[in-house]
Amino acid sequence: MKVLVTGGAGYIGSHTTLCLLEEGHEVVVFDNLVNSSLESMRRVQDLAGRTVEFVEGDLLDASAVASVFSGASFDAVIHFAGLKAVGESVADPLRYYRTNVVGTLNLLDGMNAAGVRRLVFSSSATVYGASEDVPLPESLPLNATNPYGRTKEQIEDILTDISSADERWSIGLLRYFNPAGAHSSGRIGEDPRGIPNNLVPFVAQVAVGRHKAVMVFGNDYPTPDGTGIRDYIHVMDLAEGHLAALHFLKDRTGAFQWNLGTGQGSSVLEVIEAFSTVVSKKIPYEFAPRRKGDAALSYADASSARNQLRWTAKRDLARMCADHWNWQRSNPRGYDSSL
Ligand code: NAD
Ligand code: WQD
């Protein structure tokens, strides 16, 4: 297949691009590099031993989007591009609605005009809001609690509506739980700008000495050890989930939602412990107040993806921490380390 990958230079996009290349697909990446670097593309090409066509462009530039489609005939699009920081979305909601929602509308216009109607979209478990009805099935009502989450919910609605209006569309809405880890080579991984908000990259930066201790947000939740429980999923499992979705959509039309999670929850303390084991030293942590908006627990009912896509997550938390650490210690300053 010839696949357009928006946001393909980013964390999940780069791992998925590598899997696509390894499966023999032709890939064009469209990314404005607002949260990524070209170095990830260089390394993906090295690992795959194949080239990726890279187009630097912004989804908010409708003519740039149209010109990508005019130059090629794509079988499918995987749409990762967007902004993803919850706190930033609360502070600057317009930027988030514009980039995520308007950016997606421009992409859909481009696809429609070019007659490309197979799409896999990066949604998020954040659309379930504060629901703790675990394991969370896809059928739950969507109830995002912040602007970032609402952009995902709105895009899901838009995609569902266009597929109802025109039966030629085939659309996969992938609701990721908590991505972590890196490619086993340690050459590509997550490269957060500034201080990471997410637990695993923060723990990794403590392990590498960039921060003194992990702040554990809340130890009074109704969970066995009092800390929040999440469904951490290896980024390579996620990447493989995209290929499974592409294959499923090949001979079907309609809009489908799938949770991509392991179905297993791990607490904050369990993550810190797993990481400590990998680095063979204690990772310092301190208890801090709960973070506003956090649910006590969230993990996936992963049965739809298992039954329909024949996909399950294969890598456990220990592997996620080991791979994340392998990437972190060989690239202590992310992709900048090599520049
Ligand atoms: P990322 O920031 O590493 O990747 C996003 C990519 O999109 C970046 O390379 C960025 O430069 C690009 N981009 C942003 N705005 C753009 C624009 N206007 N035009 C073109 N390119 C643009 O993030 P990620 O972790 O790889 O996430 C990928 C997708 O998955 C996002 O849509 C995100 O919301 C979603 N998601 C991520 C997580 C997570 O925790 N990482 C969880 C659930 C869903
Ligand atoms: C995990 C657990 C924290 C940091 C977020 C987004 C979600 C999705 C994935 C994009 C929680 C605790 C964290 C720290 C801590 N992204 N924690 N100390 O909040 O489940 O999900 O990322 O779609 O939309 O909301 O992930 O990694 O931030 O937190 O104690 O320094 O770790 O309280 O229990 P979260 P997270």
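Numbering of residues begins at 1 and proceeds along the displayed sequence.
- Phe202 and Trp327 fall into different hydrophobic clusters, where Ile, Leu, Val, Met, Phe, Trp and Tyr are joined by side-chain heavy atoms under 4.5 Å apart, directly or via other members.
- No continuous path of hydrophobic side-chain contacts links Leu243 to Leu119 [ILVMFWY only; heavy atoms under 4.5 Å].
- Between Lys84 and Glu190 a salt bridge is recorded (basic side-chain N to carboxylate O distance below 4.0 Å).
- Taking every heavy atom of both residues into account, Asp225 and Ser267 meet most closely at OD2-OG, 2.6 Å.
- The closest donor-acceptor contact from the side chain of Asn100 to the backbone of Leu83 lies under 3.5 Å.
- With 3.5 Å as the limit, one finds no donor-acceptor pair spanning the side chains of Asp133 and Ser131.
- The OH atom of Tyr11 sits 7.5 Å away from the CG atom of Leu238 when rounded to the nearest 0.5 Å.
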Candidate pair Phe275 and His324, rule side chain to side chain contact (heavy atoms under 4.5 Å, CB included), full reasoning: CA-CA 9 Å; Phe275 220 94; His324 209 105; 4.2 Å; yes
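- Under the 4.5 Å side-chain heavy-atom criterion for ILVMFWY residues, a single connected hydrophobic cluster contains both Val134 and Leu142.
- A donor and an acceptor atom, one from each side chain of Ser63 and Asp61, are located under 3.5 Å apart.
- Residues Phe248 and Trp311 place their aromatic rings such that the two centres sit no closer than 6.0 Å.
- In terms of heavy atoms, Leu47 sits closest to Arg187 at CD1-CB, 4.3 Å.
- Closest approach of Cys321 to Val278, counting heavy atoms only: CB-CG2, 3.9 Å.
- In this structure, Tyr221 and Leu297 have side chains that are not in contact, with every pair of non-hydrogen atoms separated by 4.5 Å or more.
- A distance-only check finds no donor-acceptor pair linking the side chain of Asn143 to the backbone of Ala130 [under 3.5 Å].
- With values rounded to the nearest 0.5 angstrom, Ile188 atom CD1 is found 5.5 Å from Tyr335 atom OH.
- Here the OG1-NE2 distance, from Thr6 to His79, works out to 5.0 Å after rounding to the nearest 0.5 Å.
- By the 4.0 Å N-to-carboxylate-O rule, Glu39 lies close enough to Arg43 to be salt-bridged with it.
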Side chain to side chain contact (heavy atoms under 4.5 Å, CB included) between Asp191 and Ser40, intermediate numbers included: CA-CA 10 Å; Asp191 186 14; Ser40 69; over 6 Å; no
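- Remark: side-chain polar atoms of Arg117 are not paired, donor with acceptor, to backbone N or O of Ser163 under 3.5 angstrom.
- Across every non-hydrogen atom of Ala182 and His234, the tightest pair is O-CE1, 3.1 Å.
- Only one option out of Gln257, Glu156, Glu138 pairs with Arg175 in a side-chain hydrogen bond (donor to acceptor under 3.5 Å, both in side chains); it is Glu156.
- Asn112 CG to Trp169 CH2: the interatomic distance, rounded to the nearest 0.5 Å, is 5.0 Å.
- Looking at Phe74 and Val3, their side chains never come closer than 4.5 Å, going by heavy atoms from C-beta outward.
- Two residues are said to be in side-chain contact when any heavy atoms from C-beta on lie closer than 4.5 Å; His15 and Met236 meet this criterion.
- Between Leu159 and Ile171, the closest heavy-atom pair is O-CD1, 3.5 Å.
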Step-by-step side chain to side chain contact (heavy atoms under 4.5 Å, CB included) determination, Ser170 to Arg118: CA-CA 5 Å; Ser170 44; Arg118 187 177 305 131; 3.6 Å; yes
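- Residue Val27 is tested with Val5, Ile78, Thr51 for a side-chain contact (heavy atoms from CB on, under 4.5 Å); the sole match is Val5.
- Between the side chains of Tyr232 and Thr262, no donor N or O sits under 3.5 Å from an acceptor N or O.
- Note that OG1 of Thr104 is 11.0 Å distant from CE of Met111, once rounded to the nearest 0.5 Å.
- Between the side chain of Arg50 and the main chain of Leu21, a donor-acceptor pair closer than 3.5 Å is present.
- For Phe80 and His242, the distance between ring centers is under 6.0 angstrom.
- Taking 4.5 Å as the limit, some side-chain heavy atom of Val102 sits within range of a side-chain heavy atom of Leu60.
- Classification of the Tyr285-Phe287 ring pair by plane angle, with boundaries at 30° and 60°, yields perpendicular.
- Ring centroid separation for the pair Tyr299 and Phe177 does not come in under the 6.0 Å cut-off.
- Residue Ala300 comes nearest to Asn259 through the heavy atom pair CB-CB, 4.1 Å, listed as atom of the first residue, atom of the second, then distance.
- Remark: Gln45 CD to Leu18 CG distance equals 11.0 Å, nearest 0.5 Å.
- Asp323 is linked by a salt bridge (charged side-chain N to carboxylate O under 4.0 Å, His left out) to Arg319, counting only residues two or more places apart in sequence or in another chain.
- The closest donor-acceptor contact from the side chain of Lys281 to the backbone of Ala207 lies under 3.5 Å.
- Atom NZ of Lys250 has 12 or fewer neighbouring heavy atoms from other residues, nucleotides or ligands inside a 6.0 Å radius.
- In the hydrophobic clustering of ILVMFWY residues, with side-chain heavy atoms under 4.5 Å counting as a link, Val200 and Val235 come out apart.
- Residues Leu4 and Phe30 have side chains in contact (heavy-atom distance under 4.5 Å, counting atoms from C-beta outward).
- Side-chain contact check for Arg329 versus Asn326: some heavy-atom pair is nearer than 4.5 Å.
- Under the 3.5 Å distance criterion, the side-chain polar atoms of Arg290 are left unmatched by any main-chain donor or acceptor of Ala296.
- The shortest distance between side-chain heavy atoms of Ser298 and Asp231 does not fall below 4.5 Å.
- At a threshold of 4.5 Å between side-chain heavy atoms, the hydrophobic network of Ile, Leu, Val, Met, Phe, Trp and Tyr places Phe69 and Val55 in one connected group.
- Inter-residue side-chain proximity for Val101 and Tyr96 is flagged as unmet; no heavy-atom pair is nearer than 4.5 Å.
- Asn198 and Arg230 form no side-chain donor-acceptor contact under 3.5 Å, judged by distance and modelled atom types alone.
- Formation of a donor-acceptor pair under 3.5 Å by the Thr277 side chain with backbone atoms of Glu273 is found in this model.
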Side chain to side chain contact (heavy atoms under 4.5 Å, CB included) between Tyr148 and Val90, intermediate numbers included: CA-CA 8 Å; Tyr148 164 69; Val90 174; over 6 Å; no
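- Of the possible donor and acceptor atoms, one in the side chain of Asp237 sits under 3.5 Å from a partner among the backbone N and O of Lys314.
- Classification of Glu286 and Lys212 as a salt-bridged pair fails, no side-chain N sitting under 4.0 Å from a carboxylate O.
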